[in-house]
Amino acid sequence: MNENTFVGDTKEGKKTRKWLTNLLNEYVVEVIFTKKDGTERVMNCTLREDYLPETTGAGRAASLDALSVFDTEVEDWRSFRWDSIKTVKVIVENVNA
């Protein structure tokens, strides 16, 4: 991906940010991004209610540059910048029905 479609105030930027946010509300998603120090980070994260801890008090203010998500491996809140995203993969859980 040469140009990051998640950034900018364009229709496409807003649409792709909404797309990823909707995925995170439904699934655990693997996001690969570049950290501020230049290293690559792979994070399995979600915004699904059944994964989120109970919260008390006020959290951080929302940012237009970054998204706060729940890291399912470290079981804590983390964030990534929209302009640092390299890859997004949906993790499909094996559910025996």
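The model shown is predicted, which means the values in this text are computed figures rather than measured ones.
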Phe33 and Phe80 aromatic centres sub-6.0 Å: yes
Exercise: identify the closest heavy-atom pair between Trp77 and Pro53: NE1-CG, 4.0 Å
Residues clustering with Ile32 (ILVMFWY side chains joined when closer than 4.5 Å, directly or via others): Val42
Sub-4.5 Å side-chain heavy-atom contact between Val88 and Val29: yes
Salt bridge (Lys or Arg N to Asp or Glu O under 4.0 Å) contacts in which one or both residues fall within residues 68-80, not counting sequence neighbours: Arg41-Asp71, Asp76-Arg78
Ser84 OG to Glu40 CD distance, which is reported to the nearest 0.5 Å: 10.5 Å
Residue pairs involving residues 25-37 (criterion salt bridge (Lys or Arg N to Asp or Glu O under 4.0 Å); sequence neighbours excluded): Glu30-Lys89
Check: Tyr27 main-chain N/O paired with Thr46 side-chain donor or acceptor under 3.5 Å: yes
Those residues that, when tested against Asp65, pass side-chain hydrogen bond (donor to acceptor under 3.5 Å, both in side chains) (two or more places apart): none
Full working for side chain to side chain contact (heavy atoms under 4.5 Å, CB included) between Thr21 and Leu67: CA-CA 9 Å; Thr21 303; Leu67 180 64; 4.3 Å; yes
Listed partners of Asp83 passing side-chain hydrogen bond (donor to acceptor under 3.5 Å, both in side chains), at least two apart: Arg81
Pairing residues for Lys14 by the side chain to side chain contact (heavy atoms under 4.5 Å, CB included) criterion, not counting sequence neighbours: Asp9, Arg17
Same cluster (ILVMFWY, side-chain, under 4.5 Å), Leu24 and Val74: no
Main-chain N/O of Asn44 paired with Thr72 side-chain donor or acceptor, under 3.5 Å: yes
Nearest heavy-atom neighbours spanning Trp82 and Leu64: CD1-O, 3.3 Å
CZ-NZ distance between Phe6 and Lys18, expressed to the nearest 0.5 angstrom: 14.5 Å
Atom pair SG (Cys45) and OH (Tyr51), whose distance is rounded to the nearest 0.5 Å: 11.5 Å
